[in-house]
Amino acid sequence: MTEEVDAAASARPYDAKTLAKKHRIDIEDAKKIIDQYGSDRKASDKAARRIAA
């Protein structure tokens with residue numbers, strides 16, 4: 001059951017606040033990333049890591 005919940009959560013796009021908090025970036029940067037990459041969490045994480053570095 002836990003795996004199903006985790007899989008469902010990863011299929012949804014990030015919330016800007018969640019992405020910003022996870023990578024310690026500004027919420028405005030997180031919003032731009034989400035606008036660009038949409039529901040692709042892997043690409044969003046990669047972009048956020050580039051900004052955070």
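Treat the numbers as computed from the prediction; the structure is a model and nothing was measured.
Contact check for D45 versus Y14: side-chain heavy atoms found under the 4.5 Å cut-off. Side-chain atoms of I27 and L19, non-hydrogen and from C-beta on, never get closer than 4.5 Å to each other.
Under the 3.5 Å distance criterion, the side-chain polar atoms of D26 are left unmatched by any main-chain donor or acceptor of D29.
With rounding to the nearest 0.5 Å, the separation of CD in E28 from NZ in K31 is 4.5 Å. How far OG1 of T18 is from CZ of R41: 7.5 Å, rounded to the nearest 0.5 Å. Here the straight-line distance linking atom NZ of K22 with atom CG of D15 works out to 13.0 Å at 0.5 Å rounding.
In this structure, A52 and H23 approach most closely via the heavy-atom pair CB-O, 3.4 Å. Taking every heavy atom of both residues into account, A16 and A30 meet most closely at O-CB, 3.4 Å.
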